[in-house]
Colleague: 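Below you'll find the structure I mean.
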Amino acid sequence: MDLLAGLNSQQQQALSAGLGPVLVLAGPGSGKTRVLTHRIAYLVGHLAVRPYNILAVTFTNKAAREMESRVEELLGSRPNGLWLGTFHSVCARILRREADKLPFDNNFVIFDDDDQRGLVKRAIRDLDLDEKQYRPHTVHNSISRAKNELILADDFPVQTYRDEVVQRVFARYQELLLTSNAVDFDDLLLWTAMLLEENEEVRQKYARRFEHVLVDEFQDTNMAQYTLLKHLASFHNNIFVVGDVDQSIYRWRGADYRNVIRFENDYPDAQVILLEQNYRSTQTILDAAMAVIDRNPNRTAKSLFTDRAGGEKIELQELFDGREEGTFIVNTIATNVQLEGREPGEYAVMYRTNAQSRQIEEAFLQANLPYKLVGAQRFYGRREVKDVLAYLRLVHNPNDEASLGRVINTPTRRIGAKTQAALRTLAVNENISMGTALLNLAKGDKSDYIGAFSKGAGQALAVFGQMLAGWREKVVEVSPLKLMDAILSDIDYQHYLDDGTEEGVDRWENVLELRRLAAEYNERGLGEFLEELALVSDQDTVDADANVPTLLTLHAAKGLEFPVVIITGLEDGTLPHIRSFDDPEGMAEERRLFYVGITRAKDKLYMTHAQNRSSYGYQEPTDPSRFLEDIPDELVEGGNAARVTGRPKVSEQAYDWDSPAYQSAEILQPSYKAGMRVLHPTWDEGMVLNSRIEDGDEVVDVFFKDLGQKTLIASLAQLEIIDA
DNA sequence: ATGGACAATGTTTTT
DNA sequence: CATTGTCCAT
């Protein structure tokens with residue numbers, strides 16, 4: 001095994017760096033994943049480090065999986081015992097093992113965004129605060145930010161009255177989490193970091209075990225993660241981090257690229273290695289990227305270079321509105337696929353906000369072309385999926401009040417708001433969870449608590465309690481799939497979803513999809529199933545196999561690459577986003593986001609902007625993004641040549657990229673261009689002003705010297721080209 | 001308790 | 001505009 005083969009000298013240096021802290025500053029496309037995987041293989045293969053003594057952390061499960069399989073390839077065998085996972089999954093694992101030292105059990109659940117917001121809302125209500133004034137979303141943000149800084153409710157800095165309120169909500173929220181035997185995303189990091197910080201024994205246990213700690217995307221770590229790493233590497237001090245401050249795009253999530261600087265301060269003896277050779281993009285693309293990022297203040301310039309001199313120019317296209325932008329994108333891809341022999345899967349369409357995807361999707365749907373959309377609640381955020389998951393979570397952990405609240409009356413079973421409130425009061429008075437109360441009420445008349453309810457309410461609760469108790473018995477002996485089937489049939493969920501509409505059918509199909517997923521966890525069990533589902537990221541849903549274009553946010557694009565990239569919505573207010581206008585750090589991050597997008601492209605980059613963008617219902621005129629000004633003119637071509645009049649529409653004809661008929665499908669390309677001289681049988685000579693494809697026909701505007709401007713259908717008017 | 005009709009209200013990015 | 005909340009009639 002020659003791990004050095006095929007690596008450049010900087011990469012080799014990183015790979016075989018000696019013991020101690022190492023900081024690898026890796027530009028986009030410089031092979032950092034390669035360095036990480038080779039480094040692990042090197043540790044195991046050359047230095048005879050046991051995989052058991054290595055921890056590697058990434059930000060997405062996908063990255064972790066990829067790394068694992070590459071390491072396996074390099075070593076020729078599975079690295080048994082290697083800890084490789086996301087920050088959150090690694091933390092969840094540690095917390096489950098060490099739960100006896102913590103204020104929750106090891107079958108704790110991980111609350112998702114909705115659960116978290118719901119819980120904050122309840123905390124706000126519990127404290128008799130005005131929801132209008134203290135919006136759960138905003139308050140939760142403050143709490144989350146604090147947690148990422150390792151600040152607990154007690155230490156929450158109070159400067160204003162509002163802070164004081166947030167502090168109280170924070171404390172209540174945390175109580176509610178614990179009564180639910182739950183943690184939120186931030187808690188995973190926070191509890192682990194605190195545990196390591198405060199418990200010498202636990203810290204030693206892990207710090208001694210992990211002889212080597214490796215970290216990907218280091219620039220995106222927050223304070224909690226940084227602390228965590230520090231403790232984990234505190235015994236052997238072999239911490240190998242890879243990152244690029246220019247690609248730091250998660251500040252709003254607490255990430256702080258200054259952790260890179262902090263690292264250099266905390267480990268003054270760290271070896272610093274720069275990876276500057278880019279193996280991905282053409283020089284043109286790289287030049288544009290560097291021109292954009294160079295404008296950011298306070299950065300150490302990297303000089304990226306590539307072997308791929310020249311390259312196609314960047315194509316900039318102005319469109320009338322988002323709808324036209326969508327059509328342009330679809331037409332461009334469809335045309336290129338036919339004429340340039342590209343595969344549909346080589347294309348990625350990127351945008352700043354998820355809302356932008358809709359008009360693009362509509363264009364694909366209208367043209368009957370397949371595409372795939374990354375992330376954004378696509379599947380796990382669906383109501384029906386969340387419902388079924390909530391049932392499973394409740395069975396797994398009856399203390400989970402968020403799930404209980406979700407399913408107790410879904411489908412409706414005559415347990416309304418009033419009864420639920422009574423149940424909560426009872427639970428609080430008896431100092432038990434609502435789930436426990438419910439399980440007790442399952443005994444019906446024999447329950448001690450039945451007296452607290454009216455006859456109807458008590459009976460309804462007893463019925464549901466019995467159901468829950470039945471599932472609880474099953475959970476120990478039966479696979480997740482069987483349990484799910486039992487639940488679905490007991491609550492007659494299919495019938496509940498079937499409202500006669502197509503949407504109802506779709507919803508049921510989503511449930512079936514979830515069933516398919518559950519089937520994969522027959523051996524691993526319900527706990528793992530739920531945990532993995534709680535920690536899936538949008539990026540994890542990127543599926544490289546389907547040969548169709550990918551639609552994704554710029555954030556989701558980090559770490560990926562595509563032969564052709566189309567960055568859309570390059571308007572002031574969208575990219576950079578308006579919310580960052582008054583914040584220099586925010587603007588710098590918007591710029592980095594653009595940089596990340598540009599550097600995803602290998603061969604060719606398109607950029608689009610629309611003259612009008614609809615924000616909500618209203619169309620508003622826009623200005624081109626200020627970032628466009630920073631790209632040197634000679635790297636860019638195009639503009640608004642194609643659109644002078646009219647709205648090109650996507651041709652109605654259907655083409656399916658997977659069908660054999662696809663190659664014969666007619667994709668029209670204008671055969672006339674502005675400036676051409678043409679001869680018309682009766683109107684004589686004229687000049688082409690503009691040509692476009694509309695409804696499957698080429699429509700040409702021609703200026704005739706005697707008649708003025710005429711609009712012609714190319715296939716009918718027998719034009720002859722005199723001079724191109 | 002339920003479901004429908006209407007009003008309000010909010011829009012970045014996501015582990 | 002699209003979701004979410006509130007009010008009202010059943």
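All chains are named by letter (A, B, ...) in the order of the sequence lines, taking the proteins before the strands, and each is independently numbered beginning at 1. As a basis for the values below, the full set of heavy atoms in this structure was taken, side chains included, without hydrogen atoms, waters or symmetry mates.
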Colleague: Measuring from the side chain of A:Thr553 (C-beta onward, heavy atoms only), which nucleotide among B:dT13, B:dT15, B:dT12 has the closest atom?
Modeller: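 Between B:dT13, B:dT15, B:dT12, the one nearest the side chain of A:Thr553 would be B:dT13.
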Colleague: For residues 353-365 of chain A, which residue pairs qualify under salt bridge (Lys or Arg N to Asp or Glu O under 4.0 Å), counting only residues two or more places apart or in two chains?
Modeller: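 Sorted result for residues 353-365 of chain A: A:Arg358-A:Glu362.
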Colleague: Nearest whole angstrom, please: distance from the P of B:dT2 to the CD of A:Gln420.
Modeller: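 In whole Å, B:dT2 P and A:Gln420 CD are 9 Å from each other.
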Colleague: What do you reckon, do A:Trp252 and the base of B:dT13 stack, with centroid distance below 5.5 Å and planes below 30°?
Modeller: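 According to the criterion (under 5.5 Å, under 30°), yes, A:Trp252 stacks.
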Colleague: Starting at atom CG of A:Asp583, determine the distance to atom P of B:dT13, rounded to an integer number of angstrom.
Modeller: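 Computing the A:Asp583:CG to B:dT13:P distance gives 17 Å.
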Colleague: Should A:Asn354 be listed as having a side-chain N or O under 4.0 Å from OP1 or OP2 of B:dT14?
Modeller: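 For B:dT14, OP1 or OP2 has a side-chain N or O of A:Asn354 closer than 4.0 Å.
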Colleague: Look at the side chain of A:Asn409 and decide which nucleotide, out of B:dT12, B:dT14, B:dT2, has an atom nearest to it.
Modeller: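 Nearest nucleotide to the side chain: B:dT2.
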Colleague: Taking for each residue the nucleotide of DNA chain B bearing the nearest heavy atom, is the 5' side occupied by A:Thr412 or by A:His555?
Modeller: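 In this pair, the answer is A:Thr412.
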Colleague: Applying a 4.0 Å non-hydrogen cut-off, can you work out what A:Thr419 is touching in the nucleic acid: base, sugar-phosphate, or nothing?
Modeller: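 Sugar-phosphate, backbone atoms only, no base.
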Colleague: For A:Leu554 and B:dT13, give me the distance from atom CG to atom P, rounded to whole Å.
Modeller: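 Checked: the CG to P distance equals 11 Å.
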Colleague: Using a strict heavy-atom distance below 4.0 Å, which residues from residues 184-193 of chain A are in contact with DNA chain B?
Modeller: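 Correct list: A:Phe185.
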Colleague: Between A:Tyr226 and A:Phe218, how do the two ring planes meet: parallel, tilted or perpendicular, split at 30° and 60°?
Modeller: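 The arrangement is tilted - the two ring planes meet at 30° to 60°.
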Colleague: How would you list all residue pairs meeting salt bridge (Lys or Arg N to Asp or Glu O under 4.0 Å) that involve residues 578-587 of chain A, not counting sequence neighbours?
Modeller: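 Counting only pairs at least two positions apart or across chains, the salt bridge (Lys or Arg N to Asp or Glu O under 4.0 Å) contacts touching residues 578-587 of chain A are A:Arg251-A:Asp583.
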Colleague: For A:Phe87, check ring pair (Phe, Tyr, Trp, His ring centres under 6.0 Å) against everything at least two apart and list the hits.
Modeller: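 Partners of A:Phe87 by the ring pair (Phe, Tyr, Trp, His ring centres under 6.0 Å) criterion, ordered by chain and then number, come out as A:Phe59.
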Colleague: Which of the following nucleotides, B:dG10, B:dT2, B:dT12, is nearest to the side chain of A:Glu590?
Modeller: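 Side chain of A:Glu590 sits closest to B:dT12.
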Colleague: Mind calculating the distance between CG (A:Leu95) and C1' (B:dT15) to the nearest angstrom?
Modeller: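 These atoms are roughly 15 Å apart.
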Colleague: What residues, two or more places apart in sequence or in another chain, satisfy ring pair (Phe, Tyr, Trp, His ring centres under 6.0 Å) together with A:Trp508?
Modeller: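 Result, ring pair (Phe, Tyr, Trp, His ring centres under 6.0 Å) vs A:Trp508: none returned.
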Colleague: Angle class for the A:Tyr206/A:Trp83 ring planes (parallel below 30°, perpendicular above 60°, tilted otherwise)?
Modeller: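 If you compare the ring of A:Tyr206 with that of A:Trp83, the planes turn out tilted.
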Colleague: B:dT13, B:dT14, B:dA1: which one has an atom nearest the side-chain heavy atoms of A:Thr353?
Modeller: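 Closest nucleotide to the A:Thr353 side chain: B:dT13.
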Colleague: Whole angstrom is fine here: how far is it from CD in A:Glu571 over to P in B:dT12?
Modeller: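 So the CD-P distance, A:Glu571 to B:dT12, works out to 16 Å.
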Colleague: Looking only at the side chains, is there a donor atom on one of A:Gln219 and A:Glu217 sitting less than 3.5 Å from an acceptor on the other?
Modeller: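 Yes, side-chain donor-acceptor contact under 3.5 Å.
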Colleague: Between A:His88 and A:Arg413, which residue's closest nucleotide on DNA chain B lies nearer the 5′ terminus?
Modeller: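 Nearest nucleotide further toward 5': that of A:Arg413.
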Colleague: Could you give the CG-to-C1' distance, from A:Asp113 to B:dT14, as a whole number of Å?
Modeller: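 For the pair A:Asp113 CG and B:dT14 C1', the rounded distance is 7 Å.
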Colleague: Which value, in whole Å, describes the distance between the P atoms of nucleotides C:dT4 and B:dT13?
Modeller: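 That atom pair is separated by 15 Å.
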Colleague: In B/S/- notation, 5' to 3', how is nucleotides 1-10 of chain C contacted by protein heavy atoms closer than 4.0 Å?
Modeller: BS--S-----
Colleague: The criterion is ring pair (Phe, Tyr, Trp, His ring centres under 6.0 Å); which residues satisfy it with A:Phe529, sequence neighbours excluded?
Modeller: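 Listed in chain order: A:Tyr521.
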Colleague: Which residue pairs pass the salt bridge (Lys or Arg N to Asp or Glu O under 4.0 Å) test when at least one of the two sits in residues 586-598 of chain A, sequence neighbours left out?
Modeller: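 Matches after skipping sequence neighbours: A:Arg352-A:Glu590, A:Glu589-A:Arg592, A:Arg591-A:Asp630.
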Colleague: Under 4.0 Å, counting only non-hydrogen atoms across every strand here, what does A:Arg579 touch: a base, just sugar-phosphate, or nothing?
Modeller: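 It contacts base atoms.
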Colleague: What integer distance in Å separates A:Tyr250:OH from B:dT12:C1'?
Modeller: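 Rounded to the whole Å, the gap is 11 Å.
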Colleague: Going by side chain to side chain donor-acceptor pair (under 3.5 Å), name the residues that satisfy it together with A:Asn259, two or more places apart in sequence or in a different chain.
Modeller: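 Applying side chain to side chain donor-acceptor pair (under 3.5 Å) to A:Asn259 gives A:Thr221, A:Arg262.
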Colleague: Between B:dT14 atom C1' and A:Tyr351 atom OH, what is the distance in whole Å?
Modeller: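 Atom-to-atom, A:Tyr351 to B:dT14, this comes out as 14 Å.
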